[in-house]
Amino acid sequence: MKILLARLAKHPLGALYGTLLGLVAFFAAVPAFSSGMWDAALVDLVMAGLLIALMLKSSISTFRKQPSWAEKAMAWGLVVLANILALLPSHDFPGSLSTAFAFSFLICALVLYFSGRLMAVICIAPALWCCVFMPYHEEFMLLLSFPLRLNATVLSAGMLKMFGVDVIYSGTSLTLPGLNIAITDACSGINQLDAFILIAFIVVEILHRKLFLQCLHFAFIIPSIIIGNSLRIVLTVLLYRQLGEVVLQNTWHIALGYVQIILALLLFVGVGKLLAVPDGKNAEEKQ
């Protein structure tokens, strides 16, 4: 505890930034709790906690230095930009995002003015997550749902043709001999996206140390979900041809949903292992 307090003394404002973002995240999660979306709210809060913890870890390992006049000027520029965004019309999503971005810019401006550029950069990810994504969680999920469904439909149709299955796709629907499949929001992988983001974030932190590799690997989240969902659809069709309509019932449907998550996660980890190879080579060179 003494060591932690001693390190925190190097940059005492880091605790203030963490507390501020933590409060924003909590109040952003309250509407989700009220509407019964406990699982999504808890996952979002855990993710916010991890991002804030990483920010605090960086702040306590960095001596506080006085920001330069250029950094202070940049901070005032962010304040002006935040005010402009706050004055824009903010009735419906995505127009209302201007207010959310304005609030995140104000927090980053505060950090930039009092703690310099490095801490401001570290603060960007938790600020955007707490101030922008969490308040509009459901809207972002719905926005992502259709592209996920559309891409999974096209990819699964291509895979089925490789297996010799006669299939026609239109929008987010598949037409096969004796079977029509509609890829709905619930089947798009969107329900698992929250948990998958959290797991993927932890995997990225474990596998990589370089920021570039972390960002590159993290960007593979959406392709992993699309490919995993496409494999689930293909597996469903192939099993249907062998076992009949029993595959479309709830038990099978739920089981195949878990298969989708496992396949997507294995794919994501596999890509991470490939990207982590250069890190190992660099470590050997240093030794």
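The main-chain N or O of Ile225 is never found under 3.5 Å from a side-chain atom of Asn229 such that the two would form a donor-acceptor pair. Here the side chain of Trp129 pairs a donor or acceptor atom with the backbone of Asp44 at under 3.5 angstrom. Not a single donor-acceptor pair under 3.5 Å links the side chain of Gln242 to the backbone N or O of Leu239.
The OG1 atom of Thr99 sits 9.5 Å away from atom CG of Leu87, with the distance rounded to the nearest 0.5 Å. The distance from the SG atom of Cys123 to the CG atom of Leu118 is 11.5 Å, given to the nearest 0.5 Å. Within the model, atoms SG of Cys108 and CG of Leu128 stand 6.5 Å from one another, a figure rounded to the nearest 0.5 Å. Note that CD1 of Ile226 is 11.5 Å distant from CG of Leu267, once rounded to the nearest 0.5 Å. The CG atom of Leu45 sits 4.5 Å away from the CE atom of Met134 when rounded to the nearest 0.5 Å. Expressed to the nearest 0.5 Å, how far OH of Tyr240 lies from CG of Leu179 amounts to 5.0 Å.
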Could you pull out all donor-acceptor pairs under 3.5 Å where a side-chain atom in residues 155-177 meets a protein atom, sequence neighbours excluded?
unit_1: Ser156; atom_1: OG; unit_2: Ala152; atom_2: O; d: 2.8
unit_1: Ser156; atom_1: OG; unit_2: Thr153; atom_2: O; d: 3.0
unit_1: Thr172; atom_1: OG1; unit_2: Arg149; atom_2: NH2; d: 3.2

Return all side-chain donor-acceptor pairs below 3.5 angstrom for residues 217-224, not counting sequence neighbours, or 'none' if the list is empty.
unit_1: His217; atom_1: ND1; unit_2: His208; atom_2: NE2; d: 3.1
unit_1: His217; atom_1: NE2; unit_2: Phe268; atom_2: O; d: 2.8
unit_1: His217; atom_1: NE2; unit_2: Gly272; atom_2: N; d: 3.3
unit_1: Ser224; atom_1: OG; unit_2: Phe220; atom_2: O; d: 2.8

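Criterion: ILVMFWY side-chain heavy atoms under 4.5 Å apart, direct or through other members. Under it, Leu54 and Phe212 are part of a common hydrophobic cluster. In this structure, Met37 is not a member of the same hydrophobic cluster as Met141, with clusters built from ILVMFWY side-chain heavy atoms closer than 4.5 Å. Ile52 and Val30 fall into different hydrophobic clusters, where Ile, Leu, Val, Met, Phe, Trp and Tyr are joined by side-chain heavy atoms under 4.5 Å apart, directly or via other members. Follow the hydrophobic side-chain contacts under 4.5 Å out from Met119 and you never reach Val121; the two are in separate clusters. In the hydrophobic clustering of this structure, Leu235 groups with Val246; members are Ile, Leu, Val, Met, Phe, Trp, Tyr whose side-chain heavy atoms approach within less than 4.5 Å, directly or through other members.
Under the rule for a side chain to side chain donor-acceptor pair (under 3.5 Å), Thr236 has no partner lying at least two apart in sequence or in another chain. Residues forming a ring pair (Phe, Tyr, Trp, His ring centres under 6.0 Å) with Phe103 (at least two apart in sequence, or on another chain): none. By the side-chain contact (heavy atoms from CB on, under 4.5 Å) test, Ala102 pairs with Ala82, Leu85, Ala86, sequence neighbours left out. The side-chain contact (heavy atoms from CB on, under 4.5 Å) test applied to Leu110 returns Tyr17, Leu20, Phe114, not counting sequence neighbours. Judged as a side-chain contact (heavy atoms from CB on, under 4.5 Å), and not counting sequence neighbours, the contacts of Ala120 are Val111, Leu112. By the ring pair (Phe, Tyr, Trp, His ring centres under 6.0 Å) test, Phe26 is found to be paired with no residue, residues two or more places apart in sequence or in another chain being considered. Remark: Trp38 engages Phe33 in a side-chain contact (heavy atoms from CB on, under 4.5 Å) (not counting sequence neighbours).
When all heavy atoms of Ala109 and Leu78 are compared, the pair lying nearest together is CB-CB, 3.7 Å. Scanning all heavy atoms of the two residues, the minimum distance from Leu97 to Phe140 falls at CD2-CZ, 4.0 Å. In terms of heavy-atom proximity, Gly116 sits nearest to Glu71 at CA-OE1, 3.6 Å. In terms of heavy-atom proximity, Ile107 sits nearest to Leu21 at CD1-CD2, 3.9 Å. When all heavy atoms of Phe196 and Leu265 are compared, the closest pair comes out as CE1-N, 3.7 Å. Nearest heavy atom pair, residue Ala276 against residue Leu207, reads CB-O, 4.0 Å.
Here Leu266 sits in one hydrophobic cluster together with Ile262; the rule is ILVMFWY side chains under 4.5 Å apart, joined directly or through other members. The hydrophobic cluster around Leu142 extends to none of the other residues, as no ILVMFWY side-chain heavy atom falls under 4.5 Å of it. The hydrophobic cluster around Val80 extends to Ile84, counting ILVMFWY residues whose side-chain heavy atoms fall within less than 4.5 Å of a member.
Within a 6.0 Å radius of CD in Glu205, more than 12 heavy atoms belonging to other residues, nucleotides or ligands are found.
Note: Phe133 and His137 have perpendicular aromatic rings, judged against thresholds of 30 and 60 degrees for the angle between ring planes.
Between Leu256 and Val247, the closest side-chain pair of non-hydrogen atoms falls below 4.5 Å. Side-chain contact between Met47 and Leu198 is present, with heavy atoms from C-beta onward closer than 4.5 Å.
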Evaluate side chain to side chain contact (heavy atoms under 4.5 Å, CB included) for Val259 paired with Leu231, printing each intermediate quantity in order.
CA-CA 9 Å; Val259 170; Leu231 292 172; over 6 Å; no
